[in-house]
Amino acid sequence: MFSASARPQLRIRARRALVLTTAGVLGAAGVLSLAGTANAASTLGASAAAKGRYFGAAVAANHLGEAQYASTLDTEFNSVTPENEMKWDAVEPTRNSFNYGSADQIVSHAQGKGMKVRGHTLVWHSQLPGWVGGLAAADLRSAMNNHITQVMTHYKGKIYAWDVVNEAFQDGSSGARLSSPFQDKLGNGFIEEAFRTARAADSGAKLCYNDYNTDGQNAKSNAVYNMVKDFKQRGVPIDCVGFQSHFNSNSPVPGDYQANLQRFADLGVYVQITELDIEGSGSAQATSYGKVVNACLAVSRCTGITVWGIPDKYSWRSSGTPLLFDDNYNKKPAYDAVLSALGGTSGGGGGGGATCAATYTRTSTWNGGFNGQVTVKAGSSAISSWTVPVTVTSPQKVSATWNGSPTWDSSGNVMTMKPNGNASLAAGASTTFGFTVTTNGNTNAPTVGGCTAS
Ligand code: 9MR
């Protein structure tokens, strides 16, 4: 992007920006920071970012080579969950022999595109290789802890949130634990032990309990609620609860969905919609999707939404067409409902108003830091100026910027970039700005919010 002769000037700018940056990081840190106010954005990820949330998709490594799959992912989403690649049978099929190939492919794709990664999942009775179920209690305990420690250490600093334990409770009215090798041999304490081991392995990752049929208030969600309440009271490290949210006509979005998210949030954990899909089509499906998004937005501790796949054809229940894109990657009415609930607008033209889009790429990485570049592209009308919020994760710091003029929020984590020098862009024209992130151990990609044009 920059010619060799432009570099000396670049360095001077970067140094000057460093001063601004230092002033910007003096404020309080630690709290989840939200991207600043932004106007209508035209993708799911950017619209969610403008509301301080992420919008993610479950992805499969073997589809990343399909051009439309990758371009839809890269354009619309700012978080990914490996659909199967991080499960126990994929990463440790035989004891203490770890295979990270497919999961690494997804993580490096995500990091290169500025997406968060949700890790799914460490301790689950399903997709569990046979050797685990065959172990006696003491050996099983050490295998569980070793699995958590090895996998989390491999991905340390790269995972936004881990589903530490998945689906440990029974459906129905009992509120009891589900039978599994972990439950049956280690007893109720296995969940607590898994969370304590996880915290020790990567203290920067948010640690979640994840389940289905817990989306409304019922015996199963009450049982999870009581566990989380107990964990919070006793200081067992849990940060978040995932609500899978697999819906269909037999299991529709519950009327008390938002209230249920809120009661968990009130325990002091974050809540996330982790595997959203809703069988159906047309406006009925769209309305249900809109309800889910509105519920998350109404709960301030609801940090993001992940849909369980991109096009219907790759869904685990494709015959129910439960996703936001059809088999040819056309946006469905459900997509429009989600975008509109997120406050985004489709198109990027039509009305002739000033619009712009921001896309992020990591341009280089080294031990301790990386450079990011944001391309700002004007929509179908010329624009006279633009702003783009960029949020980094504490303890990361932006240590230099170039080709833009940054301002900072009080947390020091949210940088709002405006043009420096000539701010106008012709219709369809683009410019770039860049920044250096000092990782301080956390290599998560920044969240690049929606571009606001004027
Ligand atoms: O979508 C996943 C599918 O490809 C696998 O075959 C299946 C195997 O158990 O797991 C699916 O994902 C599940 C997720 O990991 C946990 N919650 C339920 C999901 C849908 O079954």
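In this text, all values refer to a predicted model and were calculated from it rather than measured experimentally. In listed order, ligands and their atoms are each counted from 1. For the numbers below, each heavy atom of this structure counts, side chains included, while hydrogens, waters and symmetry mates do not.
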Handout entry: Distance (rounded to the nearest 0.5 Å) between T306 OG1 and Q244 CD
Key = 11.0 Å
Donor-acceptor contacts under 3.5 Å from residues 132-140 side chains, at least two apart:
unit_1, atom_1, unit_2, atom_2, d
D139, OD1, R95, NH1, 3.2
D139, OD1, R95, NH2, 2.9
D139, OD2, R95, NH1, 3.1

Check ligand 1 against the protein and report each N/O to N/O distance under 3.5 Å, formatted as atom name, atom name, distance.
unit_1, atom_1, unit_2, atom_2, d
ligand 1, 1 (O), E83, OE2, 2.4
ligand 1, 1 (O), W308, NE1, 2.9
ligand 1, 4 (O), E83, OE2, 3.3
ligand 1, 4 (O), N84, ND2, 2.9
ligand 1, 9 (O), Q127, OE1, 3.0
ligand 1, 10 (O), K87, NZ, 3.1
ligand 1, 12 (O), K87, NZ, 3.4
ligand 1, 12 (O), W308, NE1, 3.3
ligand 1, 15 (O), K87, NZ, 2.6
ligand 1, 15 (O), H120, NE2, 2.7
ligand 1, 17 (N), E167, OE2, 2.8
ligand 1, 17 (N), Q244, OE1, 3.0
ligand 1, 17 (N), Q244, NE2, 3.4
ligand 1, 17 (N), E275, OE1, 2.7
ligand 1, 17 (N), E275, OE2, 3.4

Handout entry: Aromatic F190 / basic R141 pairing, under 6.0 angstrom, 45° off normal
Key = no
Handout entry: Ion pair check, R301 and D266, cut-off under 4.0 Å
Key = no
Handout entry: Ionic contact status for K331 with D336, cut-off 4.0 Å
Key = no
Practice task
Check the angle between the aromatic planes of H154 and Y100 and answer parallel, tilted or perpendicular using the 30° and 60° thresholds.
Solution key: parallel
